[in-house]
Number of protein chains: 2
Amino acid sequence: MKQDFELQNFLPYMLNQAAEASGLAFQKHYKDRYGMLRTEWRVLFHLGRYGGLTAKEIGSRARVHKTKISRAVAALEAKRFLTRTEQPNDRRHETLSLTPAGHSAFEEICSAAQRFDDRIATRFTAHEVAVLRKCLAQIAGRGSAREDSSI
Amino acid sequence: MKQDFELQNFLPYMLNQAAEASGLAFQKHYKDRYGMLRTEWRVLFHLGRYGGLTAKEIGSRARVHKTKISRAVAALEAKRFLTRTEQPNDRRHETLSLTPAGHSAFEEICSAAQRFDDRIATRFTAHEVAVLRKCLAQIAGRGSAREDSSI
DNA sequence: GCATATTAGTTACTTTTGTAACTAACAAGA
DNA sequence: TCTTGTTAGTTACAAAAGTAACTAATATGC
């Protein structure tokens, strides 16, 4: 009898619940405000933060599959948040970069994210937050050097 | 300029990455082995752990929307993991209970989950795990008494 | 140079999930 | 009893994500 096991204390379950709760709370900043999906916001972030990148580069940095990137890029383009420029030396690559509108959305969502993060952190001690981040990074596979091109 | 903000350190993002990594690693125990989806495993868990329940009760305990429950129950029934028995006094309710096959799957997945959880915990100190669990429970909304019937 | 392989990205198809409308059963007041 | 309302659960439709096959461009070996 496995009468002792509790889903409520199962780490993957707890992680999922916490991720869902915080993700749901944060999405108002990109979804309600700009009609973006999560992947779109992530692509926007990478372009805003690191400048012109190709879809491939974003995918490997953000660990997102190329089809999701492709769809997010198309959606962001339709919203006039980014433009594509074909590379003349290799016409398979397209460098993506944010329009002014895209950049201002990036700025605003980043500010909101920063505040959001700070607000979570205030619920805990600095030490607790440090432990939390450390554990999350470990579990996420960073720290144990796992770099697959996850789908 | 929001050049200081890093997605990698944004808690909702980290939570999501950690949840995805651990969830993906664990799903072999219910998906590969039994062809279940996550919601099915959760429904199976609640029935195995708490005995006969109605779909409604599972939904509120597990915080899962009734349509997801309905689909999971149908799938588990098709796999002969549970049976329905109509309540004679109120024919809207159906008490669900696991078949022997369902119960043995429950037992096995619970064991695997217990081992899985233990193995994550060994990567950290007991104190770190305690902090992690506390933070996750807090962020998930338990502890601040938020009980919405999330969709 | 030309067949073959590789790479970037898109499109098509399938599965899963979200949302809303629906059915059936019961409750309760006029 | 006969509306009206509520509850449990299902079904239908739409949005999103996963998977695989595809196109177009370039690289490579012969």
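Order of the sequence lines fixes the chain letters, A, B, ..., with proteins taken first and strands second; residue numbering starts at 1 for each chain.
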Integer-rounded Å distance: C:dA8 C1' and A:Arg61 CZ: 17 Å

Taking C:dT6, C:dT17, D:dG18 as options, the one with an atom nearest any side-chain atom of B:Leu37 is C:dT17

Quick check: closest heavy atoms across B:Phe116 and B:Ser22, and the distance to 0.1 Å? CZ-O, 3.6 Å

Looking only at side-chain atoms of A:Lys56, point me to the closest of C:dG9, D:dG9, D:dA25. C:dG9

Between A:Glu128 and A:Arg123, does any side-chain N to carboxylate O distance fall below 4.0 Å? no

Comparing B:His93 with A:Thr39, nearest DNA chain D nucleotide closer to 5' gives the residue B:His93

Could you tell me the separation between the CG atom of A:Leu96 and the C1' atom of C:dA8, rounded to a whole number of Å? 11 Å

Can you measure A:Glu86 atom CD to D:dA25 atom P for me and round it to whole angstrom units? 8 Å

Applying side chain to side chain contact (heavy atoms under 4.5 Å, CB included) to A:Leu136 and B:Leu15, what does each step give before you reach the verdict? CA-CA 6 Å; A:Leu136 293 179; B:Leu15 285 163; 3.8 Å; yes

Rounded to the nearest Å, what distance is computed from the CD atom of residue B:Gln87 to the C1' atom of nucleotide D:dT7? 14 Å

Between C:dA8, C:dC26, C:dG18, spot the one nearest the side chain of B:Asp90, thanks. C:dC26

What's the NE2-P distance between A:His65 and C:dT11, to the nearest Å? 14 Å

Determine whether the aromatic ring centres of residues B:Phe26 and A:Phe10 are separated by less than 6.0 angstrom. yes

Does A:Lys66 make a side-chain N or O approach to OP1 or OP2 of C:dG9 shorter than 4.0 Å? no

Trace of the side chain to side chain contact (heavy atoms under 4.5 Å, CB included) decision for A:Leu47 with A:Ser97: CA-CA 6 Å; A:Leu47 290 175; A:Ser97 35; 5.8 Å; no

Given D:dT26, C:dT10, D:dT10, identify the nucleotide with an atom nearest to the side chain of A:Arg84. C:dT10

Below 4.0 Å: OP1/OP2 of D:dG9 and any side-chain N or O of B:Ser70: no

Could you tell me how far apart A:Glu94 (CD) and D:dA25 (C1') are, to the nearest whole angstrom? 12 Å

Could you go through nucleotides 12-14 of chain D and list every protein N or O atom that sits under 3.5 Å from one of its N or O atoms, giving the distance for each pair?
none

Check the pair B:Glu108 / B:Tyr34 against side-chain hydrogen bond (donor to acceptor under 3.5 Å, both in side chains), numbers first and verdict last. CA-CA 11 Å; B:Glu108 193 189 310; B:Tyr34 295 103; 2.9 Å; yes

Minimum-distance nucleotide to B:Arg92 side chain [options: D:dA25, D:dT6, C:dG9]: D:dT6

Taking CG from B:Asn89 and C1' from C:dA27, how many angstroms apart are they, rounded to a whole number? 14 Å

Please set out all donor-acceptor pairs under 3.5 angstrom arising from side-chain atoms of residues 70-81 of chain B, sequence neighbours excluded.
residue: B:Glu77; atom: OE1; partner: B:Arg84; partner atom: NE; Å: 3.1
residue: B:Glu77; atom: OE1; partner: B:Arg84; partner atom: NH2; Å: 3.0
residue: B:Glu77; atom: OE2; partner: B:Arg84; partner atom: NE; Å: 3.3
residue: B:Lys79; atom: NZ; partner: B:Gly35; partner atom: O; Å: 3.4
residue: B:Lys79; atom: NZ; partner: B:Glu40; partner atom: OE1; Å: 2.7

Any B:Arg91 side-chain nitrogen or oxygen under 4.0 Å from OP1 or OP2 of C:dA25: yes

Send over the distance from A:Lys68 NZ to D:dA20 P, rounded to a whole Å. 16 Å

